[in-house]
Every structure is written in structure tokens, then in C-alpha cells.
2 protein chains.
Amino acid sequence: MDTIDKKITALLAEDARRSLADIGEAVGLSPSAVNERIRRLTASGAIKRFTVDADHAALGLAVTAFVLVGLDYDAGEEAFKAFVSAHPSVAECHHVTGGWSYLLKVRLADLAGVEAFLGDLKARRFLARSETMIALSTAVERGFTPAED
Amino acid sequence: MDTIDKKITALLAEDARRSLADIGEAVGLSPSAVNERIRRLTASGAIKRFTVDADHAALGLAVTAFVLVGLDYDAGEEAFKAFVSAHPSVAECHHVTGGWSYLLKVRLADLAGVEAFLGDLKARRFLARSETMIALSTAVERGFTPAED
DNA sequence: AGTGAAACAATAGAACT
DNA sequence: AGTTCTATTGTTTCACT
């Protein structure tokens with residue numbers, strides 16, 4: 001992963017539909033060389049996948065909420081992870097330092113959906129305690145974060 | 001945004017390199033019709049952009065941290081938003097309900113980077129108080145969340 | 001690792017229903 | 001909105017450096 005690979009990744013993160021010729025021009029390589037680098041970046045997992053950023057509100061998921069979870073360890077940590085992995089509303093689940101076990105980011109249609117989701121977590125006995133923060137607005141949300149120079 | 005648009009968006013979120021012919025087969029439309037729908041989805045903003053999911057660790061950003069910010073309102077809310085928008089390490093910034101003003105998701109090379117970032121926020125007088133959670137591991141992190149049926 | 005050229009595949013547009 | 005057909009553009013492979 002050299003400077004050129006990083007530049008290619010950044011260019012693709014910005015617009016994955018750019019042609020190999022365009023990228024090549026930006027980094028000073030032929031289309032074939034760029035193609036070969038992208039193949040390697042994808043094969044090595046540095047590029048996980050080509051995707052689209054969707055507007056969740058347009059898809060009917062207007063509410064983003066963060067749930068701080070104090071896990072009830074009787075329920076089983078693996079069971080919890082399996083549950084959140086399988087749950088379509090869970091966008092992120094991080095094991096975190098501090099007073100809470102996990103931080104979840106969930107996307108739901110409305111506040112009733114948030115309530116139902118929390119009810120589900122509670123019914124499954126995953127929660128010893130929890131705290132929910134609703135996102136009122138989002139100032140920044142980018143998948144790609146460039147390294148600082 | 002009908003069922004077909006949602007299906008197309010989901011297919012692209014999974015793999016944005018799928019051909020129009022493949023997508024067309026999956027949803028029962030001709031390649032041109034799919035192309036026209038993608039054009040409309042992109043134009044309307046339902047699809048924000050075509051991008052790649054990069055492995056941040058491979059890019060040298062091994063640490064993900066969440067910072068709960070109690071904003072010092074003397075510093076100015078707009079100045080804070082401008083700062084986080086311009087800062088390359090800030091992946092997300094949400095205005096949230098509850099005892100904190102903002103929740104930040106940041107990606108940094110190491111813990112020293114986290115410390116430097118917090119020092120920067122402090123030096124700029126944005127923080128009345130804060131709490132930082134380091135992600136020890138991430139069980140789920142997906143850009144796209146399908147609507148529940 | 002990279003180049004350039006040729007073969008192949010995908011996309012974008014036009015004419016039409 | 002959709003289809004089919006076609007021109008254009010982009011991608012992939014390969015022989016060579």
C-alpha cells in the first residue's frame with residue numbers, strides 16, 4: 001500500500017465510477033496498471049467492496065439512534081453479537097472502553113421503531129442497562145476518512 | 001421510490017459493479033430501464049454517490065473512537081460544525097438528544113492521535129466536557145441498512 | 001510493475017410502444 | 001416508463017519491456 005494505492009483508494013471513495021483512464025491520468029499510470037492495482041487492493045481486502053451511499057431517509061429510515069448498551073452477561077456475549085449482526089436495523093456495533101459494553105448505531109423508520117428495537121433487546125434479556133441518543137441532525141457522515149498528512 | 005428502486009439500491013449497495021444487465025435480470029427490467037432508474041435515483045439524491053468501502057486499518061487508521069461532546073457554547077456551534085466538517089479524522093458528527101451535545105466518530109492512526117485530536121478540541125475551547133470511548137473491536141459496520149419487512 | 005494494442009463487455013442514447 | 005438496437009466508452013487480457 002504505497003502513495004499511489006492510497007490516492008487510487010481516495011479517488012474511488014470519492015467516485016467509484018471514475019474510469020481507469022481518468023484515475024490513471026490523476027496518478028500517472030496507464031489504465032491497465034490502475035486496473036491491476038485495484039485488483040490487488042480488492043484481493044488484499046484494502047478495498048472491501050464497491051458500493052453506493054444511500055440516503056436512508058429516502059429509503060424510509062428517517063431516524064438514526066445510538067444505543068449505549070450495558071450488557072447483561074447472563075444472556076451471552078456471543079448471542080448478543082449474533083443478534084445484532086443479523087438485525088437489519090443495526091448499522092454498527094462496537095465493543096467500547098468505558099462504562100458501557102457496546103455502542104450501537106441503528107437506523108429505523110420512526111421513534112416507534114426505536115422503542116420496538118429497545119423492547120426487543122430488553123425482551124431478549126441483553127440489557128442490564130442502556131442509554132439511547134437520537135440523532136437530531138447529522139453534520140458529517142462519510143464512509144471514507146483520509147489519513148492526515 | 002418504489003419496490004424496484006429499493007431493490008436496485010440494495011443490489012448496488014451490495015456490489016456497485018454489477019452490470020445493468022445483471023440488475024435488470026434480478027428486478028425484471030431491461031438494462032436501459034435500470035440505467036434510467038439509477039440515473040433518477042442518483043439525480044434525486046436517494047443514491048448519494050458511488051464509492052468503495054476501504055479498510056481503514058490498511059490505510060493506517062487503526063483506531064476508531066467515539067467522542068461525546070458537551071459543547072462550550074461560547075466557542076460557537078457553527079464554528080464547531082465547520083471544524084469537524086473540515087477535519088479529515090472526523091468520520092461522523094451527530095447532534096444528539098440526552099446529556100451530550102454531539103457524538104463524534106473519529107478514525108486515527110493510534111492512541112496518540114486520539115489524544116492529539118482531543119487536545120485540539122480543547123485548545124479551540126469547544127469542550128465544556130467530553131467522554132471518549134475507544135472501539136476495541138467492531139462486530140458490525142455496514143453503510144447500508146435495509147428496511148425491515 | 002508497467003505499457004500499448006486488440007478483443008470484449010458494458011453503458012448511454014435514440015427511435016419507438 | 002418501458003423495450004430494442006446501436007454507437008460509444010470502458011474494461012480486460014496479453015505480448016513485450
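Here is the naming used below: chain letters follow the sequence lines, and residue numbers restart at 1 for every chain. Side chains included, hydrogens not; waters and symmetry mates left out as well; all remaining heavy atoms used.
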Visitor: What residues, two or more places apart in sequence or in another chain, satisfy side-chain hydrogen bond (donor to acceptor under 3.5 Å, both in side chains) together with Arg40(B)?
Guide: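 Partners of Arg40(B) by the side-chain hydrogen bond (donor to acceptor under 3.5 Å, both in side chains) criterion, ordered by chain and then number, come out as Glu36(B).
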Visitor: Listing request: all ring-ring contact (aromatic ring centres under 6.0 Å, His included) pairs with a residue in residues 48-80 of chain B, at least two apart in sequence or in separate chains.
Guide: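 Every ring-ring contact (aromatic ring centres under 6.0 Å, His included) pair that includes a residue of residues 48-80 of chain B, provided the two are not neighbours, is His94(A)-Phe66(B), Phe80(B)-Tyr102(B), Phe80(B)-Phe126(B).
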Visitor: Could you name each residue pair satisfying salt bridge (charged side-chain N to carboxylate O under 4.0 Å, His left out) that touches residues 84-95 of chain A, not counting sequence neighbours?
Guide: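 Residue pairs passing salt bridge (charged side-chain N to carboxylate O under 4.0 Å, His left out), neighbours aside: Glu92(A)-Lys105(A), Glu92(A)-Lys105(B).
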Visitor: What side-chain donor-acceptor pairs closer than 3.5 Å can you find for residues 58-65 of chain B, not counting sequence neighbours?
Guide:
| from | atom 1 | to | atom 2 | distance (Å) |
| --- | --- | --- | --- | --- |
| Thr64(B) | OG1 | Arg107(B) | NH1 | 3.0 |

Visitor: With sequence neighbours excluded, tell me which residues meet side chain to side chain contact (heavy atoms under 4.5 Å, CB included) with Arg49(A).
Guide: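 Arg49(A) satisfies side chain to side chain contact (heavy atoms under 4.5 Å, CB included) with Thr51(A), Asp53(B) only.
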Visitor: Just to verify, what does Asp5(A) make a salt bridge (charged side-chain N to carboxylate O under 4.0 Å, His left out) with, not counting sequence neighbours?
Guide: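 Salt bridge (charged side-chain N to carboxylate O under 4.0 Å, His left out) list for Asp5(A), sorted by chain: Arg37(A).
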Visitor: What residues from residues 33-47 of chain B pass a heavy-atom cutoff of under 4.0 Å to DNA chain C?
Guide: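 Those residues whose heavy atoms fall under 4.0 Å from DNA chain C, taken from residues 33-47 of chain B in numerical order, are Asn35(B).
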Visitor: Go through the structure and list residues passing side chain to side chain contact (heavy atoms under 4.5 Å, CB included) with Ser137(A), not counting sequence neighbours.
Guide: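 Listed in chain order: His95(B).
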Visitor: With sequence neighbours excluded, what pairs up with Asp120(B) under the side-chain hydrogen bond (donor to acceptor under 3.5 Å, both in side chains) test?
Guide: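 Scan of Asp120(B) (side-chain hydrogen bond (donor to acceptor under 3.5 Å, both in side chains), adjacent residues dropped) gives Arg124(B).
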Visitor: Can you give the first and last nucleotides of DNA chain D, 5' to 3', that have an atom under 4.0 Å from a heavy atom of chain A?
Guide: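 First and last nucleotides in contact are dG10(D) to dT13(D).
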Visitor: What pairs with Arg142(A) under side chain to side chain contact (heavy atoms under 4.5 Å, CB included), at least two apart in sequence or on another chain?
Guide: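 For Arg142(A) the side chain to side chain contact (heavy atoms under 4.5 Å, CB included) partners, ignoring immediate neighbours, are Val140(A), Val90(B).
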Visitor: Testing Ile4(B), Asp15(B), Ile8(B) one by one against Ile23(B) for a side-chain contact (heavy atoms from CB on, under 4.5 Å), which residue passes?
Guide: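 Result: among Ile4(B), Asp15(B), Ile8(B), Ile8(B) is the only option passing the side-chain contact (heavy atoms from CB on, under 4.5 Å) with Ile23(B).
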Visitor: In residues 6-29 of chain A, which residues come under 4.0 Å of DNA chain D by heavy atom?
Guide: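 Hits under 4.0 Å, by residue number: Ser19(A), Leu20(A).
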